[in-house]
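The structure appears below as C-alpha cells.
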Amino acid sequence: MSLSKAYDHRGVEDHWYKFWEEKGYFHGRVNPSKPPFSIVIPPPNVTGELHMGHALNNTLQDVIIRYKRMDGFETCWFPGTDHAGIATQNVVERKLAKEGLTRHDLGRAKFIERVWAWKEKYGHRIREQLKALGCSCDWERESFTLDEIRSRAVLEVFVRLYEEGLIYRGERIIHWCPRCQTALSDIEVVYEEKEGTLYHIAYPLEGSFEKIVIATTRPETMLADTAVAVHPQDERYRRFIGKTAILPLLKRKIPILADEAVDRDFGSGALKVTPAHDPTDFEIAQRHSLPAVKLFNLDATTNQNAGAYQGLDRFECRRRVLEDLKRAGLLVKEEPYVYAIGHCQRCQTIVEPLISKQWFVRMKELAQPAIEVVRRGEIEFVPARWTKIYFDWMENIRDWCISRQLWWGHRIPAWHCDDCGQITVSRQTPPACSACSSKNIGQDEDVLDTWFSSALWPFSTMGWPEETPELKYFYPTSLLVTGPDIIFFWVARMIMMGLHFMGKIPFKTVLFNPIVKDEKGRRMSKSLGTGIDPLELKEQYGMDALRFTLAASMTQGQDLKLSLADVEGARKFLNKIWNAVRFALQHLEGFSTERLSFEKLPLQLEDRWMLSRLAHTIETVRKSLDSYDFDLVANTLYHFIWGELCDWYLELSKPRLAKEAPDKKAAQYVLYLTLKETLKLLHPLVPFITEELWQKLSDRETESVMIAPFPRALTAWVDEEAERSMQILQELIVSIRTMRAALGVPPGQRAKAFIRTEDPQIERLAQDHRHFFQQLAWVEELAVGPKIERPKQAPRKVLEYAEIFLPLDGLVNLRRQRDLLSHELKEAQEELKKARLRLNNTDFLRKAPPEIIERERARSEELAAKIARLEENLELLGA
RNA sequence: GGGCGCAUAGCUCAGCGGCAGAGCGUCCGCCUUACACGCGGAAGGUCCCAGGUUCAAAUCCUGGUGCGCCCACCA
C-alpha cells in the first residue's frame, strides 16, 4: 500500500473516531479479570462551547486513559455535563433579554423549558466537540447533573444530611448578587482591589456637644446602623461606652458599646455597627443583642428604612448621604484608601452582604476526614504544592450556603407549612405538614448551588444511591484531572461527600492542569478576543497536532502558553512520522515478522543501536506517563523519532533495503518493529494518525492500535556497547560534516577523509563502518589507522581519541585552520587546568564519590591527549 | 496583612548538587530518489542580584529585586 507524499488529516480523524466507537472500544465493562482504571470527566458547563482549557484538560485525560487501556486495565471514562445553575440561567436570560423578555414574563415552568432547550443544544455540541478531540469517553454512560439519576442522588444526599443535622436553615449574613438576585457562597465572590475613600463621620452624642468619629468605606450603610462600637481597652473612647449617639441624618438613637472585635488602629478606632450588611457587625450585634435594620431591597436599592433616601440605588444613596453629611459638617475627613471589594463570579456585579434566611451545610465535621485522607497521602495532589492551598481552606472552612434564588437547578426538597411554619424535608412530595398535618404546604422556591450536585459526581455518575456493580468495580476512580481554580468549589467537596456517603475517597490522584494562555501570556477569553477555538485548529492543523502541542507544552507548575508556531511544528512532526512509515512501507513489501526472531537475524551495529534506543524510549515514555510529565512524553518521542530513527537509522538502512543483501531481513525486521512500537507509544498522544498508519501495516497485531498492548522494553534490546559505538561514529561523522560545511563543500560532493587514531577499537569501528561515512558524510575514500600521515595543509579536526583530515588542498585557508585549532587548544587547556585543580584538591579526593573522581581522571587524560594532538597539528601548520 | 509560583539562548520553556539543553526564530549551504511540511552545518547564555552552605551550586539556604496568582470579616 502506498501512501501520499504528505499527511492530510482531513477526513482521517472523524473516520477513525467512528470506527472506534462502532467497535465499542470506549465502553468500560465490569470485568473482574482486569484491574479497573476509571476517570470521571470534569463535567463542562452547558453554558456554551468548549474552549482551549477544555481541550487541554480532556486531552490529558484521554492520553492517560488510552495508555491504561492499552496497558491492560479495564478503563472507563465517565462523561457528562453540568447544568451550571447560575451560569446557564444567566446566558438564557441574556438571550431572552434580546427578545425583550425577562424570565418573569415567561414564568417558572416556561422558563425552565427554555433552559432545557438550550441544554439540549449545547449538551449535544459539547459531546460532538469531545468526540472531535478524540476523547475515548464511554458514551453509554453519559450523565447530566440534573438528569433523573443524578437528581435522585442529590435528593438522597440532601435528606440524609438534613436528618444528620448537617444541613440547616438559618438567618445569616450572606453575599447577595443584586443582579442575579440570589445568594452566593463565599467562594463565588471574587475580590478585587479598588482605590476608594475612607470617610470619617462624626456622630453627635445625646445630651452633649461632643461627637464620636467613625470611619467607613460605605457611608450609605450608616442609615442602617444600630450601634457604635469601640475597643474596651481604648482609653480614647472609654468615657463614651454606655452613652448614646444620635445617628446623623436619620436622628435615630444608637448605643455606644465596647467589643473586642474593634481594631483600635484602624481609622478613628470607632466602628459603626450595621448588623444587616456586614459580617463583623452581624457578630457584634449578636453578642450585644442589637437589632438588625435592613437597608436594601434585593436589587440593592434602598428600602423604607432609608427614610428620605428610600428608593435610591446604593451608589446614588452614597452620593446623597455624603452630600448631606458634608452640608451638616459631619463629614470630618476623607482619605484615599485601597480596599478589596467583592464581585459576583458570574456577572461581575458588586455583591451586597446582607442578612437573609438560607440553607447551609455544616462543614467542619465533613472537612475533618477529608483533610486527613490528603494528609495521609491516600489522595495525592500533583503538583503537590496544591495540598497547602487545600489544607488552608479546609482548616478554616465556613458553612456553605447552598440555597439559590434561581429557577434552574435542583429544587430544595423542603416543604413549608402555611399554618404552623414547620418545614418538612422529604424524598417525596409530602401529603401534609409533618407537624400539624395541614395540607397548606408548599415546596421551597429555591434551588441548590450547582456545586452541590457536582460534589456527588464521582458516585452519582455510577448510579448511586443504587448499589450498582459499577460503583463496586470503578469506585474510587483512579484519577481526576482538573484546574486548580476549582479546588474549593469541586475537589474539596467531592472528597468530603465521597468520604461521607461512600465511606471511601472518590479518587486516588488529582492532577491539576495549568491555565491555558495565549502566546503573550494573556488568559484565553472570548470577551478579550484572545480565545482560540480548538475546532478551528482541528480544521487547520488537525486535532492530533493540537493534542501533541498541548501535551508538549504542559509542564507542571506553570501556566501553559499556547503558540500557533508550536502547533505548526507538531503538524510537521506528524508529517515526518507519516513519511517515515511511507518509507518503511516501500521497503517492507511482502515482509512478515512471522518465523523471524531477532536473536537469529544478522543484526548490524545500527540495528542493535536502534533497538537499544527503542528500549530506552519505551522506559522513558512509560515513566513519564506514570508521573504525568506529558512534556517529557512528547519530547522524548519527538527526539527519538526525528533525531534518532529518521536522521540516523533510516538513513543507514537505505542501502540495505535497496537491494537483496544478506542483512536486508534484519533491517526490515528492526525497521518494522521499531515503527510498530513507536506507533503504539505515540497513540495516546496522537490517536488519529497512529490509527491511520496502523491500518496500513501489513501484519498488524491487533485490528486497531487503540487496543494493542502498550510497549514494554525487552531487556534483550538494551545494548550499551552498541550505543557507545554509535555515539563515536556519530561524532566522527558530524565532525566531517562540520568541516565540509565550514569549507563550503556541498553535501553530495564526494570527498576523501583520513582518520588518525591510536586506539585500535576506534580504528576497528571506523574500518568496519566505512559505509556509514559514505552514506552520511559523503566520504568516497576513508583511510583509518595509527600511522596515517598528517597532511601538512589539509583541514583538520582534533578529537579526544582521533584526528580527522580532509585532504582538500585547494580549499584550505591555513590561517583559519590555525585559528580554529588554537582556539580549541586554549579551551582544552583551560578545562584541563580546572580538572587538575579538582584532582589536586585533597578534599575533593576524600569527599567526592569515586565514580565522579574516576570520571574526572578519565576526562583529564582525554584532554591531555587532545592537547598533545592539537599542538602537533599546530606545529605542522607552522604556528 | 498572609501564602504560593516564576525569573536559564532573540522567543517559549526543560534541567533542580558533579562538563549549560530542546523547540521555534536567525545565519550559511543543499531539490542527497520517505519527507523542501525536508536535509546538512553554524552562531547565540554574568543560568535576575547579593551573601551563605558544600570538595563541587543554574540546581540547596538566607536576603533583595521584578513579574504573576491565591487567600483574608481592620470597617
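The sequence lines fix the lettering, A, B, ..., with proteins before strands; numbering per chain opens at 1. These numbers come from a predicted model, not from an experiment.
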When all nucleic acid strands are considered with a 4.0 Å heavy-atom cut-off, which category describes A/Gln730: base, sugar-phosphate, or nothing?
-> nothing
Whole-Å gap separating P (B/A75) and CD1 (A/Ile173) | 15 Å
Please state whether the phosphate of B/C37, meaning OP1 or OP2, lies under 4.0 angstrom from any side-chain nitrogen or oxygen of A/Arg582.
-> no
Residue mapping more 5' on RNA chain B - nearest nucleotide basis, A/Leu632 or A/Trp393 = A/Leu632
Under 3.5 Å donor-acceptor, A/Arg750 side chain and A/Gln774 backbone | yes
Describe the nucleic acid contact of A/Val262 in one word from base, sugar-phosphate, nothing, applying a heavy-atom distance below 4.0 Å.
-> base
Where along residues 844-855 of chain A does a heavy atom fall under 4.0 Å from RNA chain B?
-> A/Phe844, A/Lys847, A/Ala848, A/Pro849, A/Ile852, A/Arg855
Closest to the 5' end of RNA chain B, once A/Ala742 and A/Trp386 are matched to their nearest nucleotides, is A/Ala742
A/Tyr649: ring pair (Phe, Tyr, Trp, His ring centres under 6.0 Å) partners, not counting sequence neighbours | none
Take the protein atom CG of A/Asp259 and the nucleotide atom C1' of B/C73, then report the distance between them rounded to whole Å.
-> 13 Å
Under 4.0 Å between a side-chain N/O of A/Thr555 and OP1 or OP2 of B/A14, yes or no?
-> yes
Residues two or more places apart in sequence or in another chain: which of them pass side-chain contact (heavy atoms from CB on, under 4.5 Å) with A/Glu335?
-> A/Leu198, A/His200, A/Lys333
Report the residues that fulfil ring pair (Phe, Tyr, Trp, His ring centres under 6.0 Å) with A/Tyr628, sequence neighbours left out, ordered by chain and then residue number.
-> none
In chain order, what residues pass the side-chain contact (heavy atoms from CB on, under 4.5 Å) check against A/Ser627, with sequence neighbours excluded?
-> A/Asp629
Taking only N and O in the side chain of A/Arg838, is any of them less than 4.0 Å away from OP1 or OP2 of B/G18?
-> no
For A/Arg740 and A/Ala777, indicate whether the former's side chain and the latter's backbone hold a donor-acceptor pair under 3.5 Å.
-> yes
Intra- and interstrand pairs of RNA chain B - dot-bracket, Watson-Crick/G-U under 3.5 Å, | marks other strand | ((((((((.[[[[.)..(..]]]].(((((.......))))).....[[[[[..)....]]]]])))))))....
Any side-chain N or O of A/Thr738 under 4.0 Å from OP1/OP2 of B/A42?
-> yes
Remember a base hit wins even if backbone is also touched, and classify A/Asn635 as base, sugar-phosphate or nothing at under 4.0 Å, heavy atoms.
-> nothing
On a plain distance test, is the side chain of A/Glu651 in donor-acceptor contact with the base of B/A34 below 3.5 Å?
-> yes
Whole-Å distance separating the OH atom of A/Tyr191 from the P atom of B/C71 = 10 Å
Would you say the side chain of A/Lys388 and the base of B/C4 hold a donor-acceptor pair, judged only by whether the two atoms sit under 3.5 Å apart?
-> no
From CZ of A/Phe630 across to C1' of B/A22 the rounded distance in Å is 20 Å
Using a cut-off of strictly less than 4.0 Å, decide whether A/Lys834 has a side-chain nitrogen or oxygen near OP1 or OP2 of B/C19.
-> no
Atom pairs and distances, donor-acceptor, side-chain atoms in residues 276-283 of chain A, under 3.5 Å, two or more places apart:
residue  : atom : partner  : partner atom : Å
A/His277 : ND1  : A/Pro353 : O            : 3.1
A/His277 : NE2  : A/Leu295 : N            : 2.9
A/Asp278 : OD1  : A/Thr280 : N            : 2.9
A/Asp278 : OD1  : A/Asp281 : N            : 3.1
A/Asp281 : OD2  : A/Thr274 : N            : 2.6

With side chains defined as the heavy atoms from C-beta onward, is the minimum distance between A/Ile577 and A/Leu574 less than 4.5 Å?
-> yes
Lys/Arg N to Asp/Glu carboxylate O, A/Arg571 vs A/Glu568, below 4.0 Å = yes
Residues two or more places apart in sequence or in another chain: which of them pass ring pair (Phe, Tyr, Trp, His ring centres under 6.0 Å) with A/Phe773?
-> none
Under 3.5 Å, which donor-acceptor pairs link side chains of residues 185-192 of chain A to any protein atom two or more places apart or in another chain?
residue  : atom : partner  : partner atom : Å
A/Ser185 : OG   : A/Glu188 : OE1          : 2.9
A/Glu188 : OE1  : A/Ser185 : N            : 2.8
A/Glu188 : OE1  : A/Arg404 : NE           : 3.4
A/Glu188 : OE1  : A/Arg404 : NH2          : 2.5

Below 4.0 angstrom from OP1 or OP2 of B/C39, is there any side-chain N or O of A/Lys576?
-> yes
Rounding to the closest angstrom, what is the interatomic distance between B/U59 and B/U53 at atom P?
-> 15 Å
Give a yes/no on whether any side-chain N or O of A/Arg737 is located under 4.0 angstrom from OP1 or OP2 of B/G41.
-> yes
A/Glu192 CD to B/G68 P: how many Å, rounded?
-> 14 Å
Interatomic distance at C1', B/U12 relative to B/G64, whole Å = 27 Å
When all nucleic acid strands are considered with a 4.0 Å heavy-atom cut-off, which category describes A/Glu568: base, sugar-phosphate, or nothing?
-> nothing
Could you tell me whether A/Arg750 contacts a base, only the sugar-phosphate backbone, or nothing, with contacts defined as non-hydrogen atoms closer than 4.0 Å?
-> nothing
With sequence neighbours left out, the residues meeting side-chain contact (heavy atoms from CB on, under 4.5 Å) with A/Ala492 are A/Tyr390, A/Trp393, A/Met394, A/Met496
Heavy atoms under 4.0 Å, any strand shown: does A/Lys5 hit a base, just sugar-phosphate, or nothing?
-> sugar-phosphate
To the nearest Å, how far apart are A/Ile389 CD1 and B/G68 P?
-> 18 Å
Using atom OH of A/Tyr339 as one end and atom C1' of B/C71 as the other, report the distance to the nearest whole Å.
-> 20 Å
Report which part of the nucleic acid A/Thr217 touches: base, sugar-phosphate, or nothing (heavy-atom distance under 4.0 Å, all strands).
-> sugar-phosphate
Are the side chain of A/Arg236 and the backbone of A/Arg264 linked by a donor-acceptor contact shorter than 3.5 Å?
-> yes
If you look at every strand shown and take non-hydrogen atoms under 4.0 Å, does A/Tyr199 touch a base, only sugar-phosphate, or nothing?
-> nothing
Ring pair (Phe, Tyr, Trp, His ring centres under 6.0 Å) with A/Phe266: which residues, sequence neighbours excluded?
-> A/Tyr337
Interatomic distance where CZ belongs to A/Arg740 and P belongs to B/C39 [whole Å] | 18 Å
Contact pattern, 5' to 3', of nucleotides 23-28 of chain B - B, S or - by protein heavy atom under 4.0 Å = SS----
